[in-house]
Peer 1: 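Right, I'll just put the structure down here and ask away after.
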Amino acid sequence: MSLTQAEVALILGTEISSDSPYSISVSDIQNGQYAAAIKKSPLFQQAVQDADSLKATGDIQAWVNEHLEKIDITNEQTQLELLITGIACLNSFIQVNWTGPGLDFEVSELFCLEKDQDLEKKMHAVCLKTLSVDSEEVYHLTHQLPLLTIARTVLLYLCNKSCFSASFWSMRAVFIQQQLLDEFTGSLQSELIKLAEQSIKDMENQAGLDSAALEGVKVRHELELGLIYSYFGQDKEALEKMESAQKESGFKWSLTGALGRRTKFQTFDISQLVILAESKNAEDKDSEAARPENLELNDDTVLDHIAFTENEKNKDEENKRHGNLNVIDQCILLAFCLNVKNTNPEHGITTEQMVPYVTRVLENANNWMVHTMGLLLRSRLEAHKGRTVERAALQLQALVDQVKVEDSTVQERLSYFYDLLLPSKWEMERELARRFVSLGVVRSALEIFERLEMWEDVISCYQMLEQPQKAKDVLKGLMDKSPDSPKYWCILGDLEAEPEHWKKSWEISGHHYARAMRSLGSYLYKRENYEESIECYQKALSINPLFEGSWYILGCAGMFIENWEVASRAFQRVVALDDDQPEAWNNLASIYLNMDKKPDAFLCLKRATKIKFDSWKMWQNLLFVSVDVGQFPDAIYSMQRVVELRWDKVREQAVDVQVLRMLVENVIQNWKDPHDRDGARLAGHVQRLLEDVILSRITNSPDIWMTCSKFYLWQKQYKKALDTSIKAYRSVMHDPRIETEESIFEDVTTVALETVDMYENMGDRREDGEPVCADWKYQSRQILKGLMGKVRDVFEDTASYERLKERMDDLKNA
């Protein structure tokens, strides 16, 4: 067996021939014997004799780097042993902090032949600093941090050596490091993307990989990269990678409907959302394998599982609904479920859409960890429903407790761990505590938070319990022990809303604790001190640029003080981090307009309206900008959307008559657009806008009727032109204010005279072989006579009345 085949076996867990020179080393990993693999490593053969520098400093990373340089890695055996060392350390770390059960091994044993707590504490303290990135701290109660430090150092060292999978394993190690931190970090995100790109190249350049092995490794790689993108909120990239993993796997699935019943007393069948899925070469299910406890619902109304109708369609699809799936395909399905959550709003429809994914995986969960992830997702989905909230909390409690139970092997728990986005033990406990808070069981939540030493949550619980003094006492006790902790000074600032505390936190950290500047920036922004708020956010974001919310507030502050450069850069970063932020796109458009970059503003508003399709304000903004830049097709559609969204509340005010006139003028005068196309080509679109969108809803606006009349006149539809002009007059003649307000009478007079002019111009014209209006003189006199008779006693001496009289005389003498 070659080195390449041994590496594939390590990634996929495939069997390795006992004749292979690598069989013993590889089998240690596959059997979960990580401590044994670490102790055999060439890196630690002289560890006891060379431990002095480590005992003095506790810097395990420096020690590993120094001793790696002394090892001859020219032969494949040594390279594989080092790779196995990194993998064993990484898997051991995950076993201790994620999957369980406990590990009876500590790094100090390698240097002291027995456990040395003093050395462990020294190494732990140094690792807390070396693994922290961009001012984001590692969770301080993480167990056995030296294992992750060794794994990360060894695996990164092996990149660009003969081991093609070193970059893949390095990506896994760095992603685990990211999950230990309080927040996302730009540095690790960049490192992960570089490692992903390198690992793809390494795979493609590896001649010793057969097609099946390459396919298996690619499925894992694409899926894990999709989960990384999903973790950082890059949902489009995540979906692309998940779809790529599905394609490589040959896995087929679809979200569809099937008739069935959800409740015990339901008397009719309705369509239920289900996942139909089939694996390529599906494995047999191991019914004897241990599984996490799956709690029954035991509700008096809701069924535990959908009762599908017995019909031909459901029988044909039964295997696709319930049949066994390959474990990796189940992981892919759970990844798609997470993508549904990330790319949709938080409401009941999204929850209902996610449930079938989880249900399909739980039908045949062939792996302990996959089953755990499925139950965790189900618990989250059921947490907000009255009939399932109890099971959701109890199931989460069971999942927290099961980590300590040795009912499944280490290797089973680790075999698909990297293909799931499973939270660490403390994150799962934090989730349980927050679930208790949501249920009002604050005391129980407080106990968990105190045990986990999550002091911000502890303080929050005391505030909910209306015990603010206890919250301050907790923080005071922490600060007495660590008076120079930037984090505690920052929490004190949050608690007391005191800017000086954040400033002190910033100074203590040597200007590296970004959270202090974020908090101070937010405080100053709320008090409208925008200049200083901008300075604070810029300092924070120069350290860790992945805070979308901070960029957003920075952009808003820039807009308030009209610093368009700062504002534009900020909102550009917001939409780069989250492409589906309609308000950010809208704000960016506003900024571009102030910078006289109308084409850019137009593109931003097109994106904003695509995301927030039902916001009439955004459509109205797009309407105005489209007209400004000559993009009249977009202007026509924008006006349609504004009318559809607003007409039922504001009626004719939904139509901007001035813009409507410009749309009509664009066609009539045949204005050229930015691409040198004729405006007249849009005549059909304008006609549909007028007839199907506007006039079908709004009939009492003379301005709209007159605009239509002008359009029909251009089309040489003389009867329609005259008819709409008459309707313009009718829409105003019944206004009761005509007889009391002279300004209203003047407006009506103008419309009446325009209508009479239209009769005169159109009456004798011929359309379809007959006059448009043979009695146009009579109709014109009737209009003038009716209006004059209405106001004679009130406005007989006004100029408007005189105009009507003169026009009547003209008609009599004609």
Peer 1: Is the shortest distance from a Lys or Arg side-chain nitrogen in R527 or E532 to a carboxylate oxygen in the other one below 4.0 Å?
Peer 2: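 Salt bridge: no.
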Peer 1: Does D757 offer a backbone N or O that forms a donor-acceptor pair with the side chain of N761 under 3.5 Å?
Peer 2: yes
Peer 1: Is the side chain of D656 donor-acceptor paired with the backbone N or O of V659 at a distance under 3.5 Å, no angle test?
Peer 2: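 A pair under 3.5 Å: yes.
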Peer 1: Is F711 close to T724 at the side-chain level, that is, under 4.5 Å between some pair of heavy atoms?
Peer 2: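 No; the side chains remain at least 4.5 Å from each other.
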Peer 1: Using 0.5 Å steps for rounding, measure from the CD atom of E237 to the CD1 atom of I193.
Peer 2: 8.5 Å
Peer 1: In sequence, state the C-alpha distance, the side-chain angles, and the governing distance for Q631 and F602, and then conclude on side chain to side chain contact (heavy atoms under 4.5 Å, CB included).
Peer 2: CA-CA 9 Å; Q631 295 287 357; F602 168 74; 3.6 Å; yes
Peer 1: Can you list the steps and then say if K385 with E352 is a salt bridge (charged side-chain N to carboxylate O under 4.0 Å, His left out)?
Peer 2: CA-CA 11 Å; K385 293 183 179 180; E352 291 302 320; 2.8 Å; yes
Peer 1: Taking the six-membered ring for Trp, are Y357 and F336 closer than 6.0 Å centroid to centroid?
Peer 2: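 Distance test on ring centres: not under 6.0 Å, no.
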Peer 1: May I ask you to say whether K805 pairs ionically with D809, meaning some side-chain N is under 4.0 Å from a carboxylate O?
Peer 2: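 No.
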Peer 1: Less than 4.5 Å apart, any side-chain heavy atom of M618 and any of I611?
Peer 2: no
Peer 1: Run the ring-centre check on F232 versus F184 and record whether the distance is less than 6.0 Å.
Peer 2: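 Ring centroids of F232 and F184 are less than 6.0 Å from each other.
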Peer 1: Are R661 and D703 packed together at the side-chain level, in the sense that at least one heavy-atom pair is separated by less than 4.5 angstrom?
Peer 2: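 Heavy-atom side-chain distance check passes, below 4.5 Å.
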Peer 1: What's the separation between atom CD1 in I275 and atom CG in L255, rounded to the nearest 0.5 Å?
Peer 2: 4.5 Å
Peer 1: Could you tell me whether the side chains of N587 and Y552 share a donor-acceptor contact shorter than 3.5 Å?
Peer 2: yes
Peer 1: What distance do D775 atom CG and Q782 atom CD have between them, rounded to the nearest 0.5 Å?
Peer 2: 9.5 Å
Peer 1: Using 30° and 60° as the class boundaries, would you call the ring planes of Y801 and F745 parallel, tilted or perpendicular?
Peer 2: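 Tilted, since the angle between the ring planes falls between 30° and 60°.
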Peer 1: Mark yes or no for whether N700, through its side chain, and S731, through its backbone, hold a donor-acceptor pair below 3.5 Å.
Peer 2: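 Checked: no pair found.
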Peer 1: Output yes when a side-chain donor or acceptor of S725 lies under 3.5 Å from a complementary backbone atom of M758, and no otherwise.
Peer 2: no
Peer 1: Does some side-chain heavy atom of R261 sit less than 4.5 Å from a side-chain heavy atom of I306?
Peer 2: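 No, side chains not in contact.
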Peer 1: Indicate, with yes or no, if the rings of Y729 and W705 have centres closer together than 6.0 Å.
Peer 2: no
Peer 1: Any Lys/Arg nitrogen of K777 or D764 sitting under 4.0 Å from an Asp/Glu carboxylate oxygen of the other?
Peer 2: no
Peer 1: Are K612 and D580 close enough, and set up right, to give a salt bridge (charged side-chain N to carboxylate O under 4.0 Å, His left out), and what steps lead you there?
Peer 2: CA-CA 9 Å; K612 202 166 186 177; D580 293 331; over 6 Å; no
Peer 1: Does E767 come within less than 4.0 Å of K716, counting only side-chain N to carboxylate O?
Peer 2: no
Peer 1: Using a strict 4.0 Å threshold on nitrogen-to-oxygen distance, state whether R807 and E760 make a salt bridge.
Peer 2: yes
Peer 1: Less than 3.5 Å apart, any donor N or O on the side chain of D235 or N339 sitting next to an acceptor on the other?
Peer 2: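 D235 vs N339: no donor-acceptor pair found between side chains.
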Peer 1: Indicate yes or no: does R573 engage D578 in a salt bridge with an N to O separation below 4.0 Å.
Peer 2: no
Peer 1: Might you work through the side chain to side chain contact (heavy atoms under 4.5 Å, CB included) test for E531 and I561, ending with a clear yes or no?
Peer 2: CA-CA 8 Å; E531 291 277 7; I561 64 170; 3.6 Å; yes
Peer 1: For K720 and E691: C-alpha separation, side-chain torsions, deciding distance, then whether side chain to side chain contact (heavy atoms under 4.5 Å, CB included) applies.
Peer 2: CA-CA 12 Å; K720 279 190 174 182; E691 294 176 353; 3.5 Å; yes
Peer 1: List the steps and the verdict of salt bridge (charged side-chain N to carboxylate O under 4.0 Å, His left out) for K727 and D723.
Peer 2: CA-CA 6 Å; K727 287 178 179 177; D723 186 49; 3.4 Å; yes
Peer 1: Take atom CD of Q658 as the centre, draw a 6.0 Å sphere, and report whether it contains more than 12 heavy atoms from other residues, nucleotides or ligands.
Peer 2: no
Peer 1: Would you say NZ of K598 has more than 12 non-hydrogen atoms from neighbouring residues, nucleotides or ligands within 6.0 angstrom?
Peer 2: no
Peer 1: Can you confirm whether the side chains of E222 and Q246 place a donor and an acceptor under 3.5 Å from each other?
Peer 2: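 Checked: E222/Q246 side chains show no N/O donor-acceptor pair below 3.5 Å.
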Peer 1: So do the side chains of W671 and E665 get within less than 4.5 Å of each other, counting heavy atoms only?
Peer 2: yes
Peer 1: Roughly how far, to the nearest 0.5 Å, is the CG atom of L689 from the OG atom of S638?
Peer 2: 10.5 Å
Peer 1: Kindly say whether the aromatic ring centers of F571 and W585 come within a distance under 6.0 Å.
Peer 2: no
Peer 1: When you compare the side chain of K785 with that of R781, does any pair of heavy atoms fall below 4.5 Å?
Peer 2: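 Side-chain contact under 4.5 Å: no.
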Peer 1: I'd like to know if R677 and D673 make a salt bridge, using a cut-off of under 4.0 Å between side-chain N and carboxylate O.
Peer 2: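 Counted as a salt bridge, because a side-chain N and a carboxylate O are separated by less than 4.0 Å.
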Peer 1: Indicate yes or no: does E644 engage R641 in a salt bridge with an N to O separation below 4.0 Å.
Peer 2: yes
Peer 1: Would you say the side chain of I694 lies within less than 4.5 Å of the side chain of L660, judging by non-hydrogen atoms?
Peer 2: yes
Peer 1: Can V772 and R766 be said to form a side chain to side chain contact (heavy atoms under 4.5 Å, CB included), step by step?
Peer 2: CA-CA 6 Å; V772 172; R766 303 187 72 80; over 6 Å; no
Peer 1: So, R697 and D648, do they make that salt bridge, N to O below 4.0 Å?
Peer 2: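 Salt bridge between R697 and D648, a charged N being under 4.0 Å from a carboxylate O: no.
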Peer 1: Just checking, any donor-acceptor pair under 3.5 angstrom between side chains of Q189 and Q234?
Peer 2: yes
Peer 1: Does F613 have more than 12 heavy atoms from other residues, nucleotides or ligands lying within 6.0 Å of its CZ?
Peer 2: yes
Peer 1: Would you say K710 has more than 12 foreign heavy atoms packed within less than 6.0 Å of its NZ?
Peer 2: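 For K710, atom NZ is not crowded (no more than 12 foreign heavy atoms under 6.0 Å).
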Peer 1: Quick one: which of D747, T755, V748 gives a side-chain contact (heavy atoms from CB on, under 4.5 Å) with V751?
Peer 2: T755
Peer 1: Under 4.5 Å between any side-chain heavy atoms of M517 and Y537, yes or no?
Peer 2: no
Peer 1: Between K313 and E317, does the salt bridge (charged side-chain N to carboxylate O under 4.0 Å, His left out) criterion hold? Intermediate values first, please.
Peer 2: CA-CA 6 Å; K313 179 176 180 287; E317 294 175 348; 3.4 Å; yes
